[in-house]
Amino acid sequence: MSTVLSPVGVFDSGLGGLTVVRAMMDLLPEQPLIYFGDTGRFPYGPKPAHEVLKYSLQITDLLIERGASMIVVACNSATAAALEQIQERVDVPVIGVIDPGVRSALKATESGRVGVVGTVGTIRSGAYQRAGSRIAPDLDLVCAACPGFVEFVESGEIDSDQVYVLAERLLAPIVQARVDTLVLGCTHYPLLARTITDVVGRDVVLVSSAEETAFEVRTHLQQQSAVAPSGPRMARASAPRHTFLTSGDTQLFQTLGERFCGPEVALVEAWQW
Ligand code: DGL
């Protein structure tokens with residue numbers, strides 16, 4: 001008989017956090033998740049930090065009410081604007097995606113010259129530079145904001161000519177800086193990885209925080225001794241039930257979510273603020 005595990009709560013402004021969800025599902029196949037995509041209020045990147053903070057706290061409260069035993073802020077903009085306040089607000093572990101992104105870059109780089117791309121809010125906040133000087137002071141970080149990328153992902157347009165033209169313009173400072181590693185400092189950007197690679201060159205290693213964040217979640221679950229065994233699926237009678245909520249269009253979320261993340265994004269609940 002299978003034990004019922006409390007879900008891990010995950011949120012983002014929209015679909016981007018599903019890149020982190022995918023990594024968590026792969027690493028922790030027995031762990032139920034509850035995901036909130038704030039598609040009705042996206043994008044967070046251009047919004048002032050106090051507004052992103054307010055939304056992040058609202059979503060955190062909702063996930064806790066729904067029984068989340070941990071919160072994963074699967075959004076760099078929300079991590080930059082709200083991580084510490086969320087940690088102060090709730091009694092469960094709260095994990096952001098910026099530190100894991102820096103750790104992934106540190107593992108990948110040989111030259112120590114690393115690019116970071118993110119939303120205007122994330123880059124302007126200086127959160128990556130602060131995490132860099134704390135975790136890896138020798139890294140030389142070159143940061144660039146990429147306004148517009150998130151909107152393309154949310155509309156499902158991930159490899160059009162328009163995305164390519166925008167990427168060429170926005171990534172020019174990264175190309176000029178001759179980095180050997182590029183942190184995708186927005187959870188939407190892994191969905192644009194092919195276009196980004198075409199622009200920056202195949203010798204630049206793209207890293208996202210998804211895998212590293214999933215490992216951090218596993219460590220916390222083990223500490224809570226509520227970890228779902230990552231052994232064979234047959235150890236459990238049925239696959240875990242994941243819950244997906246969106247404040248936007250449920251049909252679009254389901255269609256794109258399934259395409260970007262997998263068949264697990266089957267049932268999407270509507271949420272209205
Ligand atoms: N995916 C988010 C991030 O990692 C948010 C993007 C947005 O809403 O602008 O920053």
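Positions are given from 1 along the sequence. Ligands are counted one by one from 1 in listed order, and the atoms in each one are counted from 1 as well.
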### Message
Please confirm whether the ring centroid of F11 lies under 6.0 Å from the ring centroid of Y35.
### Response
no
Interatomic distance, CD1@I135 vs CG@L106, rounded to 0.5 Å, equals 8.5 Å
Would you confirm whether D180, through its side chain, and V204, through its main-chain N or O, come within 3.5 Å as a donor-acceptor pair?
no
By chain and number, the residues contacting ligand 1 below 4.0 angstrom (heavy atoms only) are D12, S13, P43, Y44, G45, C75, N76, S77, T119, V150, C186, T187, H188
Check step by step if side chain to side chain donor-acceptor pair (under 3.5 Å) holds for N76 and Y128.
CA-CA 9 Å; N76 290 263; Y128 267 95; 2.6 Å; yes
Suppose we call two aromatic rings close when their centres sit under 6.0 Å apart. Are W273 and F36 close by that rule?
yes
Is a donor on one side and an acceptor on the other found under 3.5 Å between the side chain of H242 and the backbone of L33? yes
